[in-house]
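Below is one structure, written out as structure tokens, with a few remarks after it.
Here the structure is a predicted model, which means the values were calculated and not measured. The residues of the chain are indexed from 1 along the displayed sequence. Just the heavy atoms: all of them, side chains too, but no hydrogens, waters or symmetry mates, feed the values below.
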Amino acid sequence: MAYSRRNTEAIRDYLSSADRVVEVGIGRRTDLASVLAKSGVSVTATDVHDRSVPDAVTFVRDDIVEPEMGVYEGADAVVAQNLPPELHRPTLAVARAVDATFVFTTLGGDQPTVPVERKTIPGGTLFVAD
């Protein structure tokens with residue numbers, strides 16, 4: 001699924017009430033983290049590889065399968081874009097452990113492997129874990 005500016009803005013709008021968000025597996029897609037930070041949200045981005053992120057975003061190298069829980073504590077939401085199916089359950093477990101909402105998109109035709117509510121957004125579907 002190609003991510004458009006409208007898609008990024010729709011996810012930002014969905015997370016508008018969050019004070020702190022952790023984006024899992026940011027990769028090279030920094031648009032969402034950037035618009036969230038510009039909206040006044042405190043954003044921490046994680047990835048298993050070192051990544052460059054906008055100045056207003058904090059980066060922490062972390063593996064969601066073996067997470068450093070302190071990275072996620074205090075987050076209102078854990079968000080991921082193009083999250084592969086094998087990471088749905090580990091990410092949900094982390095979000096639940098810190099009492100955060102888990103919001104994600106998948107790549108292409110991948111379906112969620114955890115119970116979700118589906119939200120239609122420009123360019124695809126936003127999954128909100130139950």
Side-chain angles (χ1 to χ4, degrees):
M1 170 191 310
Y3 278 87
S4 68
R5 180 175 178 86
R6 288 178 51 214
N7 183 289
T8 298
E9 290 171 352
I11 298 171
R12 179 211 52 210
D13 292 347
Y14 186 82
L15 296 171
S16 65
S17 65
D19 292 323
R20 182 167 182 271
V21 170
V22 178
E23 183 172 357
V24 173
I26 194 165
R28 293 181 177 90
R29 298 172 317 276
T30 62
D31 290 353
L32 179 59
S34 181
V35 299
L36 285 168
K38 287 178 184 174
S39 298
V41 177
S42 173
V43 181
T44 300
T46 70
D47 202 290
V48 295
H49 302 286
D50 289 332
R51 301 292 184 182
S52 295
V53 296
D55 289 339
V57 175
T58 301
F59 177 80
V60 177
R61 189 171 177 173
D62 191 59
D63 184 346
I64 196 68
V65 176
E66 296 181 20
E68 172 54 52
M69 293 303 293
V71 172
Y72 305 89
E73 290 173 359
D76 299 303
V78 175
V79 62
Q81 298 180 81
N82 296 337
L83 192 66
E86 64 272 15
L87 297 181
H88 297 179
R89 290 188 193 286
T91 308
L92 176 59
V94 168
R96 283 184 174 163
V98 299
D99 197 28
T101 301
F102 173 35
V103 177
F104 65 104
T105 63
T106 60
L107 184 61
D110 288 343
Q111 293 301 306
T113 61
V114 298
V116 296
E117 180 180 347
R118 297 166 192 266
K119 305 278 186 186
T120 301
I121 59 172
T125 303
L126 182 64
F127 300 105
V128 181
D130 292 337

Seminar exercise, completed: Output for pair (Ile11 CD1, Leu126 CG), nearest 0.5 Å, gives 5.5 Å
Exercise. Do the side chain of Asp63 and the main chain of Val48 share a donor and acceptor less than 3.5 angstrom apart?
Worked result: no
Problem set entry | Residues that Arg28 engages under side chain to side chain donor-acceptor pair (under 3.5 Å), provided they are two or more places apart | none
For this session: Check the surroundings of atom CG in Asp13: do more than 12 heavy atoms from other residues, nucleotides or ligands lie under 6.0 Å from it?
Result: yes
For this session: Any chance you could measure Arg61, atom CZ, to Thr46, atom OG1, to the nearest 0.5 Å?
Result: 11.5 Å
Seminar exercise, completed: What one should report as the nearest heavy-atom pair of Val57 and Ala37 is CG2-CB, 4.1 Å
Exercise. For the side chain of Arg51 and the backbone of Gly25, is there at least one donor-acceptor N/O pair under 3.5 Å apart?
Worked result: no
Seminar exercise, completed: Checking His88, Glu86, Arg89 against Thr113 for side chain to side chain donor-acceptor pair (under 3.5 Å), the one that qualifies is His88
Exercise. Rounded to the nearest 0.5 Å, how far does CD of Gln81 lie from OG1 of Thr30?
Worked result: 9.5 Å
Exercise. Shortest non-hydrogen contact from Pro67 to Asp62?
Worked result: CA-OD2, 3.6 Å
Exercise. Taking ILVMFWY side chains as joined if any heavy atoms are under 4.5 angstrom apart, and letting links pass through other members, which residues group with Val65?
Worked result: Val22, Val24, Val60, Ile64, Met69, Val71, Tyr72, Val78, Leu83, Leu87, Leu92, Val94, Val98, Phe102, Phe104, Val114, Val116, Phe127
Seminar exercise, completed: In short, Lys119 meets Tyr14 closest at the heavy-atom pair CE-CE1, 3.9 Å
Problem set entry | Inter-residue atom distance Asn82.CG - Arg29.CZ, 0.5 Å rounding | 4.5 Å
Problem set entry | Heavy-atom pair of closest approach, residues Ser39 and Arg12 | OG-CD, 3.0 Å
For this session: Identify the two heavy atoms, one from Ala18 and one from Val41, that lie closest to each other, and give their separation to 0.1 Å.
Result: O-CG2, 3.5 Å
For this session: For Leu32 and Val79, run side chain to side chain contact (heavy atoms under 4.5 Å, CB included): C-alpha distance rounded to whole Å, both residues' side-chain angles, the deciding distance at 0.1 Å, then the answer.
Result: CA-CA 10 Å; Leu32 179 59; Val79 62; 4.0 Å; yes
For this session: For the residue pair Glu9 and Pro122, establish whether any side-chain heavy-atom pair is separated by less than 4.5 Å.
Result: no
Seminar exercise, completed: OG of Ser34 to CD1 of Ile26, rounded to nearest 0.5 Å, is 9.0 Å
Exercise. When rounded to the nearest 0.5 angstrom, what distance separates CG in Asp130 from CD in Glu117?
Worked result: 7.0 Å
